[in-house]
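Keep in mind that the numbers below use all heavy atoms, side chains included, and drop hydrogens, waters and symmetry copies. Note that the structure is a prediction, hence the values are computed from the model and not measured.
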Amino acid sequence: MIYVKTEQEIELMREPCRIVKETLEYVGKHIRAGMTTKEVDELVYKYITMNGAIPSELGYCGYPASSCVSVNEVVVHGIPGDRILQDGDIVSVDITAEKNGFQGDACRTFLIGNVSEEKRKLVKVTEECFFKAIEGLKAGTPLYDIGYAVQTHAESHGYGVVRALTGHGIGREMHEDPSVPNYGRKGTGVRLKAGMTICIEPMINMGTYKVDFDRKDGWTVRTADGKPAAHYENTVLIKEDGVEILTL
C-alpha cells in the first residue's frame, strides 16, 4: 500500500532528512585514506545522535552498524569494520535517520585521494542518473519513468544498472511501498501522487549489472565481476508541479 503523506507529516519528515544531509556533509569533510570503515561509521553515529535522532540502520533486521560503508566493488550494505580506506578508493556511505517518528535516507559516493578518471566518471554519471530521473517528475508521472531515465543514461555510458536492488517509498518506516527500480519501460507503472515520498537511488556498476550476495555475513552485495560500483540516493517529495529533494 502506497502511503501518501499529509502536510503535517511532510513537515515532520524534514528534520530527519536535514540531519541525514548534514551527516553526509560531515562525513565528506572527515573521510580520508587511512581510516577504517568502522571509523567512518562512528562519524555517522556521532552526528546523528548529536542531533537528537536515531540511526535507523543500527539493529535493523540485525544489522550491526549505523551506516552502510561500501568500498569499490561493494555495491551496497558494506558492513563497517577493519577495512582501511586506500588512496584511490571510492566509498559509498548510505545512512538513514529517524526523528519525529519519520525517516530520512540518502547516500553519497566519496572519492578518496587520487582517484582514477575511470572511477571519477562512474561516480559522476551515477549522480547524473539521479538528476535525470527527477527531470519532469511530478504527480501523475508513471513510476517506471524513473527507472527508464536512470537506465538510459547509465547504459549510454556502457555501465550496468543493478536490478536485484531498488529504491523505495519512505515515511514512518525506512522501506515502504512502492519499490522504485533503476530500470523500466517508459509510461508504465503506478501514477505518482502528490504527497508521496520516495527514495530514488541509482546503483550503477562499471561492468555487469549482476551482483553477488555474501552468504557469510548476509548483507554485503558485490559486483559479480569485481569492478567498481557507485551509489547516489536522496529522499524525494512528489508535488503537483514537480519534486522537492528533502535530503539535498
Side-chain angles (χ1 to χ4, degrees), residues 19-51 55-58 63-97 104-131 154 157-160 162 165 201-208 211-214 216-234 247-248:
I19 291 168
V20 164
K21 174 187 76 75
E22 291 182 357
T23 303
L24 288 169
E25 291 170 350
Y26 180 72
V27 170
K29 291 175 182 176
H30 292 87
I31 194 169
R32 65 186 189 282
M35 292 181 73
T36 64
T37 54
K38 184 178 180 181
E39 288 173 323
V40 175
D41 186 65
E42 289 169 352
L43 292 174
V44 171
Y45 179 84
K46 174 184 176 181
Y47 199 91
I48 290 176
T49 57
M50 186 173 66
N51 282 274
S56 308
E57 292 174 20
L58 184 59
Y63 188 74
S66 300
S67 61
C68 298
V69 185
S70 305
V71 185
N72 294 332
E73 79 287 351
V74 179
V75 184
V76 289
H77 303 164
I79 299 175
D82 295 332
R83 183 168 181 171
I84 297 173
L85 301 183
Q86 306 289 333
D87 186 67
D89 284 344
I90 57 173
V91 186
S92 68
V93 180
D94 188 355
I95 64 173
T96 311
D105 187 3
C107 179
R108 302 286 184 267
T109 300
F110 297 102
L111 309 175
I112 306 300
N114 299 300
V115 176
S116 69
E117 284 303 316
E118 193 177 33
K119 284 183 178 178
R120 285 178 181 273
K121 181 184 175 185
L122 174 66
V123 173
K124 179 175 179 289
V125 170
T126 300
E127 182 175 341
E128 289 172 355
C129 284
F130 171 85
F131 288 99
H157 290 275
Y159 296 144
V162 174
L165 302 144
E201 50 179 314
M203 291 164 271
I204 309 299
N205 299 345
M206 190 176 288
T208 180
V211 297
D212 292 329
F213 291 78
D214 192 310
K216 290 182 180 179
D217 68 31
W219 287 100
T220 308
V221 181
R222 297 180 176 85
T223 57
D225 57 10
K227 292 184 178 180
H231 184 194
Y232 185 89
E233 174 185 17
N234 282 304
T247 49
L248 191 64

note = Looking only at heavy atoms, the pair that brings Met35 and His30 closest together is SD-O, 3.3 Å
ask   = Taking the side chain from Glu57 and the backbone from Cys68, do they hold a donor-acceptor pair closer than 3.5 Å?
value = yes
message = Side chains of Ile112 and Arg32, heavy atoms from C-beta outward: is any pair under 4.5 Å?
response = no
ask   = Glu127 side chain to Lys124 main-chain N or O, any donor-acceptor pair under 3.5 Å?
value = no
key: Close side-chain approach of Pro55 and Thr49, heavy atoms under 4.5 Å   = yes
query = Among Ser92, Ser67, Pro202, which one satisfies side chain to side chain contact (heavy atoms under 4.5 Å, CB included) with Cys107?
reply = Ser92
task = Would you name the heavy atoms of Ala154 and Val125 that are closest together and state the gap between them?
result = CA-CG1, 4.4 Å
inquiry  = Set out, in order, the CA-CA distance, both residues' side-chain angles and the distance that settles side-chain contact (heavy atoms from CB on, under 4.5 Å) for Val74 and Val91, then state yes or no.
reply    = CA-CA 9 Å; Val74 179; Val91 186; over 6 Å; no
key: Donor + acceptor pair across side chains of Tyr232, Glu201 (<3.5 Å)   = no
key: Heavy-atom side-chain contact between Glu233 and Phe130 under 4.5 Å   = no
key: Heavy-atom side-chain contact between His77 and Thr220 under 4.5 Å   = no
ask   = So which heavy atom on Pro80 is nearest to which on Val69, and how close?
value = CG-CG2, 3.8 Å
query = Is there a donor-acceptor pair under 3.5 Å between the side chain of Glu73 and the backbone N or O of Thr223?
reply = no
task = Indicate yes or no for a side-chain donor-acceptor contact from Asp41 to the backbone of Ser66 under 3.5 Å, with no hydrogens or angles considered.
result = yes
inquiry  = Strictly distance-based, threshold 3.5 Å: is any side-chain N or O of Thr37 a donor or acceptor partner for the main-chain N or O of Gly81?
reply    = yes
task = Give a yes or no answer on whether the side chain of Arg120 reaches the backbone of Leu111 with a donor-acceptor pair at less than 3.5 Å.
result = no
query = In terms of heavy-atom contacts, does CZ of Phe131 have more than 12 from other residues, nucleotides or ligands at under 6.0 Å?
reply = yes
request  = Could you give me the CA-CA distance, side-chain angles and deciding distance for Asp214 and Arg222, then say whether salt bridge (charged side-chain N to carboxylate O under 4.0 Å, His left out) is met?
outcome  = CA-CA 8 Å; Asp214 192 310; Arg222 297 180 176 85; 2.9 Å; yes
ask   = Quick one: are Arg83 and Thr36 in side-chain contact, heavy atoms under 4.5 Å?
value = no
key: Heavy-atom side-chain contact between Ile95 and Leu24 under 4.5 Å   = yes
inquiry  = I want to check something: taking the side chain as every heavy atom from C-beta on, are Val27 and Val44 in contact at a cut-off of under 4.5 Å?
reply    = yes
Value rounded to 0.5 Å, distance of CD in Glu25 from NZ in Lys21 = 4.0 Å
ask   = Which atom pair, heavy atoms only, marks the closest approach of Ala97 to Ser56?
value = C-OG, 3.4 Å
key: Asn51 side-chain N/O to Ile48 backbone N/O, donor-acceptor pair under 3.5 Å   = no
query = Counting only N and O atoms by type, is there a donor-acceptor contact under 3.5 Å from the side chain of Asp87 to the main-chain atoms of Asn114?
reply = yes
message = Would you call the rings of Tyr159 and His157 parallel, tilted or perpendicular, taking 30° and 60° as the class edges?
response = parallel
remark   = Per side chain to side chain contact (heavy atoms under 4.5 Å, CB included), Thr247 is matched among Asp105, Thr23, Val20 by Val20
key: Smallest separation among heavy atoms of Glu39 and Gly34, with atom names   = OE1-O, 4.3 Å
ask   = Is the shortest heavy-atom distance from the side chain of Asn205 to the side chain of Val75 under 4.5 Å?
value = yes
request  = List for me each residue that meets side chain to side chain contact (heavy atoms under 4.5 Å, CB included) alongside Ala230, sequence neighbours excluded, and say none if there are none.
outcome  = Thr109, Leu122, Val123, Thr126
Aromatic ring pairing Tyr63/Trp219, orientation class (parallel under 30°, perpendicular over 60°, tilted between) = perpendicular
request  = Could you tell me whether a side-chain N or O of Asn72 sits under 3.5 Å from a main-chain N or O of Ile90, the two making a donor and an acceptor?
outcome  = yes
ask   = Can Glu117 and Lys121 be said to form a salt bridge (charged side-chain N to carboxylate O under 4.0 Å, His left out), step by step?
value = CA-CA 6 Å; Glu117 284 303 316; Lys121 181 184 175 185; over 6 Å; no
ask   = How many angstroms lie between atom CE of Met203 and atom SG of Cys129, to the nearest 0.5 angstrom?
value = 11.5 Å
